[in-house]
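What follows is a short report on a single structure.
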Amino acid sequence: MQRTGKGFLYFICSVSAMGGLLFGYDWVVIGGAKPFYELFFGIGDSPVLQGVAMSTALVGCLIGAMVAGSAADKWGRKPLLMLAAVLFTVSAIGTGLFNDFTLFNIARFIGGVGIGVASALSPMYIAEVSPTEIRGRMVSLNQMTIVLGILAAQVVNMLLARDTSVAESQAWNVAWGWRWMFWAETVPAALFLAMSFFIPESPVYLKMKSLTPDPSPKGEAPYRKVLVLGLVIAVFQQWCGTNVIFNYAQEIFVGAGFDVDGMFINIVITGIANVIFTIVALYTIEKWGRRTLILIGAGGLGLIYLTLGTCYFFEVKGVMMVVLVVAAISTYAMTLGPVTWTLLAEIFPHRVRGVAMATCTFALWVGCCTLTFSFPSMNAALGSSGTFWIYSAICCCAFIFLWNRCPETKGKSLEALEKELCR
C-alpha cells in the first residue's frame with residue numbers, strides 16, 4: 001500500500017465501507033416505513049406478520065453471510081462486494097415497487113443477502129489492505145459508514161413522513177411515503193456498484209492463492225478457541241439489545257410517552273448521537289485498545305439497561321427516557337459497534353479468515369434475527385421493563401466472559417496475532 005500512497009488506501013477503504021453505508025440504511029429504513037406499510041398491507045393487527053416483515057431481510061442476511069466466506073476465498077473479495085452492490089440496488093427498487101406482501105418480502109430478502117455479504121466482506125477487506133498502525137481506525141470506518149447509513153435512513157424517513165395528524169398526509173404516507181423511503185437507497189447502491197470497479201483485489205487473497213498450502217496444519221484446537229471467542233463477540237453485539245431501538249423505535253418511544261411525530265424527531269436525535277460517538281471511536285480504538293472498549297461497552301450497557309428497565313417499570317415518561325436511550329446508543333456506538341467488526345477482522349488466521357469471518361457474521365445475524373423477531377413477544381409478555389432487564393443480564397454475563405477471554409489486538413500485525421492466538 002505504500003507504493004500507491006495513503007490517498008489510494010483511503011479511497012479503496014471508503015469504497016469497501018460503502019457496503020456498510022447500505023447495510024446501515026437498508027437495516028434501519030424499515031423502522032420508519034413500518035407504521036405505513038403495515039396499514040398498506042393490512043397487517044397492523046397481526047404480530048406474526050409484523051415480525052415476518054421485520055425479519056425477512058435478516059433471514060437473507062443469514063444466507064448472505066453463510067456463503068460469503070467460501071465464495072470470497074474461491075473468487076476473491078472484490079467480486080463479492082460488487083455482487084452485494086447489485087443486490088442492494090435490486091432490493092431498493094423492488095421493495096418500494098411491489099404491492100403484494102409476498103413480493104415485498106422477497107425484495108427485502110434480496111437486500112438482506114446483500115447485507116450479509118457486505119457485513120462479512122467489507123471489514124475483512126479493509127483489515128487486509130490496511131497497515132497495522134491504523135488498521136483499527138480503518139476498519140472502524142466501516143462502522144462509521146454503517147451509522148451514517150442509519151442516520152440517512154432516519155432523516156429520509158422523517159422528511160418523507162408527512163404530518164400524521166392530517167388525513168390527506170396520512171393517506172400519502174400509506175400509499176407512497178414508505179415506498180420512497182426504500183427507493184432512496186437506489187442512489188448510493190448504484191454509486192457503490194460503479195466505484196467498486198476501481199478497487200483492487202485484496203493482497204491477502206492474492207498471496208493466499210499464490211502460496212503452496214501449509215502441509216502440516218496446527219490442528220483444530222487453536223482455531224476452535226478463537227472461533228468460540230469470535231462467535232460470542234458477534235452474537236453479543238446483537239443480543240446486547242441496542243439494535244431493537246432502531247428497529248422498534250415506534251414501540252419504544254410511544255411507550256415512553258411520545259406520539260408518532262415525536263418518535264421521528266427522537267429517532268434522528270439517536271442517529272446523530274450514533275454518528276458523533278462513532279467518530280469518537282475512530283480516535284479511541286487505537287489509543288484505548290479493543291479490549292478496553294468492548295469491556296466498557298458491556299458494563300456500561302448493562303447499567304444503562306438496568307436503569308432503563310426500572311424507569312419503564314415505574315412508568316417514567318418524557319425527556320429522561322430519551323436521555324437513557326441516547327446514552328445506550330452512544331455507549332454502543334463507541335464500543336461494541338466498531339470494536340466487534342474490528343476484532344472479527346483481526347483475530348482469525350489467513351487460511352481460515354474468510355470462512356471464520358463468514359461463520360461469525362452468520363452467527364451475528366442469527367442473533368439479530370432472533371432478537372428482532374422475539375422483541376414484540378417479549379415486550380408483550382414481560383413489558384419494556386422486563387425486556388430491558390433481560391438485556392442488562394446478558395450484558396453482565398458477556399462482561400465476565402470478555403474479561404477472561406478477550407485479548408488486546410492493538411498494534412499487532414495480523415501475522416503476529418495468528419501466532420499469539422493460534423499457538
Side-chain angles (χ1 to χ4, degrees), residues 20 23-24 27 58 61-62 65 115-116 119-120 123-124 136 139-140 142-143 146-147 150 224-248 274 277-278 281 285 288-306 308-309 327-348 356-375 378 387-409 421:
F23 159 13
W27 181 23
L58 298 178
C61 289
L62 301 180
I115 294 175
S119 61
M124 183 171 71
V139 177
S140 296
N142 182 69
Q143 179 65 19
I146 291 175
V147 300
I150 290 172
R224 187 182 301 120
K225 180 180 177 181
V226 178
L227 181 60
V228 169
L229 172 63
L231 290 171
V232 171
I233 291 172
V235 174
F236 173 55
Q237 193 211 45
Q238 296 301 308
W239 269 99
C240 71
T242 305
N243 290 327
V244 300
I245 296 174
F246 294 116
N247 287 327
Y248 289 101
N274 201 8
F277 282 88
T278 301
I285 195 166
W288 296 4
R290 287 60 148 163
R291 173 182 165 85
T292 299
L293 287 177
I294 204 168
L295 290 174
I296 290 174
L301 286 174
L303 291 174
I304 292 170
Y305 286 138
L306 178 63
L308 187 60
I329 293 294
S330 301
T331 301
Y332 177 88
M334 70 172 291
T335 57
L336 295 177
V339 173
T340 293
W341 296 112
T342 301
L343 282 171
L344 293 181
E346 290 178 331
I347 62 177
F348 299 115
M357 183 73 178
T359 301
C360 290
T361 305
F362 176 82
L364 184 148
W365 289 117
V366 169
C368 187
C369 187
T370 53
L371 177 79
T372 303
F373 190 79
S374 65
F375 178 79
M378 286 178 60
T387 301
F388 281 102
W389 283 337
I390 288 177
Y391 296 150
S392 176
I394 291 172
C395 290
C396 292
C397 292
F399 180 88
I400 295 172
F401 176 88
L402 294 169
W403 178 272
N404 290 295
R405 297 286 297 275
C406 185
E408 182 53 72
T409 61
L421 298 177

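Screening residues 334-344 for salt bridge (charged side-chain N to carboxylate O under 4.0 Å, His left out), with sequence neighbours left out, gives no hits.
Atom OG1 of Thr342 sits about 11.5 Å away from atom CD1 of Ile347, to the nearest 0.5 Å. Expressed to the nearest 0.5 Å, how far CG of Leu301 lies from SG of Cys240 amounts to 5.5 Å. For the atom pair CZ (Phe388) and CG (Leu308), the distance works out to 5.0 Å, reported to the nearest 0.5 Å.
Remark: Ala358 engages no residue in a side chain to side chain contact (heavy atoms under 4.5 Å, CB included) (not counting sequence neighbours). Qualifying ring pair (Phe, Tyr, Trp, His ring centres under 6.0 Å) partners for Phe348, counting only residues two or more places apart in sequence or in other chains: none. Applying the side chain to side chain contact (heavy atoms under 4.5 Å, CB included) criterion to Thr387, with sequence neighbours excluded, gives Phe375, Met378, Asn379, Leu382, Tyr391.
Here the shortest heavy-atom pairing between Gly302 and Ser392 reads O-OG, 2.7 Å.
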Distance-only donor-acceptor hits, side chain of residues 226-237, under 3.5 Å, sequence neighbours excluded:
{"from": "Gln237", "atom 1": "NE2", "to": "Leu336", "atom 2": "O", "distance (Å)": "3.4"}
{"from": "Gln237", "atom 1": "NE2", "to": "Gly337", "atom 2": "O", "distance (Å)": "3.3"}

Which pairs of donor and acceptor atoms, one on a side chain in residues 393-409, lie under 3.5 Å apart (sequence neighbours left out)?
{"from": "Asn404", "atom 1": "ND2", "to": "Ile400", "atom 2": "O", "distance (Å)": "2.8"}
{"from": "Glu408", "atom 1": "OE1", "to": "Arg290", "atom 2": "N", "distance (Å)": "3.2"}
{"from": "Glu408", "atom 1": "OE1", "to": "Arg291", "atom 2": "N", "distance (Å)": "3.2"}
{"from": "Glu408", "atom 1": "OE2", "to": "Arg290", "atom 2": "N", "distance (Å)": "3.0"}
{"from": "Glu408", "atom 1": "OE2", "to": "Lys410", "atom 2": "N", "distance (Å)": "2.9"}
{"from": "Thr409", "atom 1": "OG1", "to": "Arg290", "atom 2": "NE", "distance (Å)": "3.2"}
{"from": "Thr409", "atom 1": "OG1", "to": "Glu346", "atom 2": "OE1", "distance (Å)": "2.5"}

Using atom types as modelled, flag every donor-acceptor pair under 3.5 Å from a side chain in residues 361-370 to any protein atom, sequence neighbours excluded.
{"from": "Thr361", "atom 1": "OG1", "to": "Met357", "atom 2": "O", "distance (Å)": "2.7"}
{"from": "Trp365", "atom 1": "NE1", "to": "Ser119", "atom 2": "OG", "distance (Å)": "2.9"}
{"from": "Thr370", "atom 1": "OG1", "to": "Trp239", "atom 2": "NE1", "distance (Å)": "3.1"}
{"from": "Thr370", "atom 1": "OG1", "to": "Val366", "atom 2": "O", "distance (Å)": "2.9"}
{"from": "Thr370", "atom 1": "OG1", "to": "Gly367", "atom 2": "O", "distance (Å)": "3.0"}

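Under the 3.5 Å distance criterion, the side-chain polar atoms of Tyr305 are left unmatched by any main-chain donor or acceptor of Ile390.
Contact check for Thr331 versus Phe277: no side-chain heavy atoms found under the 4.5 Å cut-off.
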